[in-house]
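Only one structure is covered here, and it is reproduced in the block below.
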Amino acid sequence: MVEARKPIVIVGSITMDLVTRTPRIPAIGQTLIGTGFETTPGGKGANQAVAAARLGYPVAMVAKVGDDAYGPALVENLKHAGVETGGMAQVSGSSGLAPMFVADNGLNAIVVVPGANGKMDRAVVDQNAELIGSAGMVLCQLEIPMETLSYTLDFCARASVPVMLDPAPAADLPDAVWNQVAWFTPNETEAAHYVGDSADAEASAKRLLDKGLRGVVLKRGGEGAFVAVAGGRAEWVKAFKVDAIDTVAAGDCFNGAFAVALLEGKDAWTAARFANAAAAICVTRKGAAASMPMRHEVDAFLRSN
Ligand code: RIB
């Protein structure tokens, strides 16, 4: 008999991205003529959920949307990707929104307006305790209130459920977090927030592990990822070379894919290679959740690279 896979559960954010495409990110006080505008589903939590679901893994989302026009569209987008949405709730007021600029060179600047994500409270964890406790891994980010994140991490620690924390956008973390997280996955600017100068990946990873973390993945975009575990291996996993047109949610794609590969039994460095491949495809496409690749696409990419 095949044992059922324990789901990935995301306790996190879901947002409608309001994307202005522009030749370059405008300077302070500057007006530019844009090249396009789209509303497209995003939010770090939802992006990670879609990334993992499109790779064929069972995924459930615990999140809140508003009672505006965006709320139902955001939930529908998750369902369409195969994400279980029974842990989602609608609250009064606006959904999370993320106005952003995406420049022709693929780089971006984002402001996140929490909306319903700011209403994620302890009750949402209690209401979904059975689901969260049944997870193979819980994925969190920092777009919900810190108090709710702490409550989630306490719950997962008691239930022995491993947590991958994407510490984005960077924020000061309670001390307890360092011992409660299995995988901590900052990009370079986020790593700088947690350790000061983050230019040297090996030194940064060591400083993070010294705080009590068990595993660290330093996401470095076009360079790849530096993966280190406490008291063990610490190595680069190089990125694949592609022509990026939109880097929004590439880090989310990495996290979703990394979690899938770990839960499928791969070691962390092999899992990071799989995640690098998924992220490489993601940056060649426009949008956040919309840019996540399917499993067969990642497999084909790895065969040909
Ligand atoms: O990581 C990318 C995401 O960050 C975007 O989809 C936007 O919603 C912000 O949350």
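Side-chain atoms are counted along with the backbone in the values below, which use heavy atoms only and exclude waters and symmetry mates. Starting from 1, each residue takes its place in the sequence as its number. Order of appearance sets the numbers: ligands from 1, and atoms from 1 within every ligand.
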Hey, which atoms in ligand 1 end up nearer than 4.0 Å to a heavy atom of [X]?
X: N47; value: 2 (C), 3 (C), 5 (C), 6 (O)
X: D252; value: 1 (O), 2 (C), 3 (C)
X: A98; value: 7 (C), 8 (O)
X: T15; value: 8 (O)
X: V112; value: 9 (C), 10 (O)
X: G42; value: 6 (O), 8 (O)
X: G43; value: 5 (C), 6 (O), 7 (C), 8 (O), 10 (O)
X: A288; value: 6 (O)

When you look at [atom1] of [X], are more than 12 heavy atoms from neighbouring residues, nucleotides or ligands closer to it than 6.0 Å?
X: H296; atom1: NE2; value: yes
X: K211; atom1: NZ; value: yes
X: E130; atom1: CD; value: no

Does the side chain of [X] pick up a donor-acceptor pair with the side chain of [Y] at under 3.5 Å?
X: S92; Y: D67; answer: no
X: D17; Y: T15; answer: no
X: D68; Y: S95; answer: yes

Got the closest protein heavy atom to [atom], with its distance?
atom: atom 8 (O) of ligand 1; answer: D17 OD1, 2.5 Å
atom: atom 10 (O) of ligand 1; answer: E143 OE2, 2.6 Å
atom: atom 4 (O) of ligand 1; answer: K44 NZ, 3.2 Å

- request: Salt-bridge test for D299 and R295: reply yes if a basic N is under 4.0 Å from a carboxylate O, no otherwise.
  value: yes

message: Taking the six-membered ring of F226 as reference, does the cationic atom of R220 (NZ for Lys, CZ for Arg) lie under 6.0 Å from its centre and within 45° of its axis?
response: no

